[in-house]
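The next block holds one structure in the form of structure tokens; read it before the comments.
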2 protein chains.
Amino acid sequence: MARGTKITIRDVAARAGCSVATASRVLNRSGATSADSRARVERAAADLGFAFSAIGRALQSSRSMTVGVLVPSLANPVFAEAVQGAQEQLRDAGYQCLIASSTYDPERDAEALRVLTAKQVDGLIVTMVAPEDSSELGAARASGIPAVLMFHDPRAGLLSAHVDNAAAAREVARRCADAGHRNTGFLALRFSTSDRSRARFTGFMQGCAALGMAAPVLVEVSEDEAASPAALARTLSAHPGLTAIFASNDVLAIALQRAARELGLRVPQDLSVIGFDGIEIGRHLDRPLTTVETDPEAMGRQAARLLLAMLRGEMPEPPAPLPFTFRPGATLGAPAEDRDDDRAATRSPSAHPDQNPSFKRT
Amino acid sequence: MARGTKITIRDVAARAGCSVATASRVLNRSGATSADSRARVERAAADLGFAFSAIGRALQSSRSMTVGVLVPSLANPVFAEAVQGAQEQLRDAGYQCLIASSTYDPERDAEALRVLTAKQVDGLIVTMVAPEDSSELGAARASGIPAVLMFHDPRAGLLSAHVDNAAAAREVARRCADAGHRNTGFLALRFSTSDRSRARFTGFMQGCAALGMAAPVLVEVSEDEAASPAALARTLSAHPGLTAIFASNDVLAIALQRAARELGLRVPQDLSVIGFDGIEIGRHLDRPLTTVETDPEAMGRQAARLLLAMLRGEMPEPPAPLPFTFRPGATLGAPAEDRDDDRAATRSPSAHPDQNPSFKRT
DNA sequence: CCCTCATTTGGAAACGTTTCCACAGCCAGA
DNA sequence: TCTGGCTGTGGAAACGTTTCCAAATGAGGG
């Protein structure tokens with residue numbers, strides 16, 4: 001069933017009655033060829049159903065037309081969308097994507113980088129646990145493989161497609177302050193392996209400090225806690241004084257709301273919740289999520305554009321951070337202390353009284 | 001900065017004072033070598049920081065250790081998770097993934113397959129618009145590249161990692177019937193390019209017919225309609241008689257709920273909503289989504305396992321469909337007509353009276 | 001001491017491509 | 001008629017690896 005015999009350019013040349021050099025020139029439209037041989041070669045290639053072997057080409061040109069993309073996990077929609085964006089942009093330039101994921105494990109980051117460079121990728125787009133500490137990334141760059149980061153804040157000599165996490169978090173602090181919150185928390189998952197999470201916390205702290213609020217309480221949760229509403233509720237109940245919690249991403253923010261309900265807390269009346277990322281689904285919820293909206297796909301595209309420029313031999317400027325927008329949603333409101341204060345009610349633009357039909361005042 | 005000079009096995013051989021043949025034998029632990037040369041070669045390789053060129057290897061062995069993965073889009077978490085699963089499984093066997101996405105465009109399916117085969121992938125895992133009509137897929141298989149499908153129902157000679165969409169949809173029909181629904185709808189996105197969607201509709205129709213319900217109304221929406229709650233609400237309002245709507249996936253089901261609220265319809269009192277896929281977030285919602293739960297990551301892993309078996313030269317049995325579970329959630333309830341009928345209340349196992357605190361009967 | 005055999009080694013071909021270099025043919029200008 | 005230049009072509013090397021085959025070495029048995 002399987003005809004194992006691949007047809008190569010020499011088969012084409014043989015059938016066209018010319019040398020492989022000529023066949024190559026015709027098929028690549030490189031070099032001069034007579035109309036006659038052009039026709040014969042093209043005919044032969046079509047008859048035989050010839051297709052170039054990218055391997056042979058790569059070996060000869062030492063360009064694989066392949067880019068390595070490393071992300072923590074495709075199961076996180078934020079990274080998946082970024083990869084999608086990068087992939088689209090690269091495809092337009094004739095590059096393919098070899099992807100790897102680390103499940104947030106630095107050891108696997110290193111292994112993936114080794115494999116990708118062994119596969120002779122022409123460039124790298126990476127989001128990893130600790131880019132600055134990775135000897136593999138350093139080695140790749142030293143051996144001439146251009147690399148750009150995604151999601152990370154830019155660091156020593158490395159370009160990055162990113163949003164300004166700290167600035168966005170400061171904006172969140174401002175919105176919390178505007179709504180009247182003083183005692184806030186930051187809910188973090190994988191704090192130690194995600195510099196995004198850390199940058200957001202730092203920015204949030206700065207913002208809170210600048211606005212005279214109490215320092216936010218850092219609430220770290222494990223993978224398991226985040227997955228179970230009951231467990232998350234238990235953790236949450238250890239911090240009764242908080243009126244607003246900024247979650248390090250949207251999925252966590254949604255889980256947090258569920259946990260709050262478990263404790264009989266209403267959102268946003270008893271607890272305000274703010275997310276990060278702006279995933280699609282957040283805006284389709286009955287009570288749309290208050291969040292910082294980013295565009296991971298655009299981030300992926302920007303990373304790809306930067307890399308393509310470097311592959312062309314250019315030395316692109318460090319890009320400006322990608323824009324984010326604060327999406328008001330309906331999960332940030334005035335804190336309960338302010339509830340009875342009638343000034344507070346008017347100060348709370350995001351509290352949608354009709355978010356749940358059963359609460360409709362009619 | 002960039003030392004362009006790659007170190008090859010001949011550099012290692014030179015430094016070790018032996019031939020490349022010996023170096024190759026040592027480094028691959030193939031063939032007999034003396035303890036002495038082994039030591040020298042290993043030493044030299046370490047000193048030089050040698051790493052094999054996968055390209056050179058691929059050219060010589062005509063095995064690229066790369067698998068092509070084609071999906072409609074990574075922006076859809078269902079596919080992203082499947083790719084993640086496949087990738088993990090393949091990685092354990094030493095394979096990497098070259099990924100491509102088609103954005104549901106058959107033309108791009110074809111192009112992607114051409115590129116992937118040109119890159120000499122050892123195998124293919126694909127989800128595409130029309131696998132059976134793809135001459136590229138046929139050509140790849142004819143030339144000896146094993147291929148398996150994901151998500152698709154199995155078809156002529158092709159193995160597929162899949163769930164039984166029709167059976168799952170029949171189960172949904174049964175649950176709707178149990179809850180007392182008669183007039184149902186099926187909300188479909190990309191009906192023409194998704195055989196999953198079509199299979200679900202077919203199964204739902206069969207189920208409805210078998211249970212003596214009215215044939216479900218097929219409501220097709222465009223990408224744009226699905227993205228805008230208002231537009232979706234308009235479409236929805238054209239079908240006032242329906243008491244339950246089965247959406248072809250979870251994201252759509254969540255959007256549908258929002259649209260229902262837009263029309264002043266309460267879920268599930270005025271309209272029941274059932275999804276498909278069982279995405280993570282659905283269970284974290286205040287009103288957990290009623291849906292058919294599947295495991296895309298397991299699907300990806302199964303596809304990879306099948307492909308690996310074929311790559312070993314085995315001829316694996318067509319796999320049993322992967323299991324799905326009906327997750328009751330809280331968005332399927334008794335229809336309004338039955339509301340006043342007290343028999344109906346007991347007949348409705350899926351109506352969780354406590355799903356929303358404000359409805360608690362106490 | 002010679003023959004055989006096992007062990008280790010090196011040379012070279014092969015994989016599929018691109019591209020450098022050289023050569024043949026041809027035409028125009030002197 | 002000769003020279004110079006241009007066009008089209010083919011041979012061959014190179015890219016990095018594996019592996020076949022043959023040769024060299026050494027040991028052991030007769």
Side-chain angles (χ1 to χ4, degrees), chain A residues 4-42 44-45 48-66 94 115 117-122 143-144, chain B residues 4-42 44-45 48-66 94 115 117-122 143-144:
Chain A
T5 45
K6 296 250 172 277
I7 37 193
T8 77
I9 198 171
R10 49 192 348 119
D11 298 322
V12 175
R15 181 176 244 258
C18 67
S19 72
V20 289
T22 302
S24 173
R25 276 185 289 255
V26 169
L27 265 10
N28 290 298
R29 288 146 187 46
S30 71
T33 50
S34 68
D36 182 48
S37 44
R38 213 164 336 174
R40 289 208 319 281
V41 168
E42 257 148 17
L48 264 39
F50 170 77
F52 277 114
S53 156
I55 304 262
R57 277 185 150 168
L59 182 60
Q60 139 71 29
S61 65
S62 61
R63 304 191 53 209
S64 63
M65 296 307 282
T66 301
V115 173
T117 52
K119 291 239 170 171
Q120 227 103 337
V121 293
D122 294 335
S143 75
Chain B
T5 45
K6 296 251 170 277
I7 37 192
T8 77
I9 198 171
R10 50 193 346 120
D11 298 323
V12 174
R15 180 176 246 258
C18 68
S19 71
V20 288
T22 303
S24 173
R25 276 185 289 256
V26 170
L27 264 10
N28 290 299
R29 288 148 186 44
S30 71
T33 51
S34 69
D36 181 48
S37 44
R38 214 164 338 178
R40 288 208 320 281
V41 168
E42 259 150 16
L48 265 38
F50 170 77
F52 276 114
S53 155
I55 304 260
R57 276 184 151 168
L59 182 60
Q60 140 71 29
S61 65
S62 61
R63 302 190 55 209
S64 63
M65 297 307 280
T66 301
V115 174
T117 52
K119 291 241 170 169
Q120 227 103 337
V121 293
D122 294 336
S143 74

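As the structure is a computational prediction, the values presented were derived from the model and not from experiment. Here is how names work: the chains are called A, B, and so on, in the same order as the sequence lines, proteins then strands, and each is numbered from 1.
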Axial bend angle, the helix from dC1(C)-dG30(D) to dA30(C)-dT1(D): five-pair end segments, nearest 10°: 70°
DNA chain C-proximal residues of residues 30-40 of chain A, any heavy atom under 4.0 Å: none
What's touching nucleotides 23-27 of chain C from the protein side, N or O pairs under 3.5 Å?
none

Side chain to side chain donor-acceptor pair (under 3.5 Å) contacts touching residues 23-32 of chain B (sequence neighbours left out): S24(B)-N28(B), N28(B)-R57(B)
Residue pair V12(A) / V41(A): nearest heavy atoms and the distance that separates them: CG1-O, 3.9 Å
Those residues that, when tested against A54(A), pass side-chain contact (heavy atoms from CB on, under 4.5 Å) (two or more places apart): K119(B)
Any T66(B) side-chain heavy atom under 4.5 Å of Q120(B) side chain: no
Under-3.5 Å N/O pairs linking protein and nucleotides 26-28 of chain D:
none

OG on S19(A) to CD1 on I9(A), rounded to 0.5 Å: 9.0 Å
Partners passing side-chain contact (heavy atoms from CB on, under 4.5 Å) against S61(A) (at least two apart in sequence or in another chain): R63(A)
Distance, nearest 0.5 Å, that separates CZ of R38(B) from SG of C18(B): 12.5 Å
Contacts of type side-chain hydrogen bond (donor to acceptor under 3.5 Å, both in side chains), residue T8(A), not counting sequence neighbours: none
Shorter than 3.5 Å, N or O on both sides, protein versus nucleotides 14-18 of chain C: list them out with atom names.
unit_1: dC15(C); atom_1: O2; unit_2: Q60(B); atom_2: N; d: 3.4
unit_1: dG16(C); atom_1: N2; unit_2: G56(A); atom_2: O; d: 3.3
unit_1: dT17(C); atom_1: OP1; unit_2: S53(A); atom_2: N; d: 2.9
unit_1: dT17(C); atom_1: OP2; unit_2: I9(A); atom_2: N; d: 2.5
unit_1: dT18(C); atom_1: OP1; unit_2: N28(A); atom_2: OD1; d: 3.2
unit_1: dT18(C); atom_1: OP1; unit_2: N28(A); atom_2: ND2; d: 3.0
unit_1: dT18(C); atom_1: OP1; unit_2: R57(A); atom_2: NE; d: 2.9
unit_1: dT18(C); atom_1: OP1; unit_2: R57(A); atom_2: NH2; d: 3.2
unit_1: dT18(C); atom_1: OP2; unit_2: S24(A); atom_2: OG; d: 2.8
unit_1: dT18(C); atom_1: OP2; unit_2: N28(A); atom_2: ND2; d: 3.0
unit_1: dT18(C); atom_1: O4'; unit_2: Q60(A); atom_2: NE2; d: 3.3
unit_1: dT18(C); atom_1: O2; unit_2: Q60(A); atom_2: OE1; d: 3.3

Qualifying residues under side-chain contact (heavy atoms from CB on, under 4.5 Å), relative to S62(B), sequence neighbours excluded: none
Qualifying residues under side-chain hydrogen bond (donor to acceptor under 3.5 Å, both in side chains), relative to D11(A), sequence neighbours excluded: none
Nearest non-hydrogen partners of L27(B) and A45(B), listed with the distance: CD1-CB, 4.2 Å
Min side-chain heavy-atom separation K6(B)-S53(B) under 4.5 Å: no
Closest non-hydrogen atom pair, F50(A) against I7(A): CD1-O, 3.6 Å
Residues in side-chain contact (heavy atoms from CB on, under 4.5 Å) contact with L59(B), at least two apart in sequence or another chain: I55(A), L59(A)
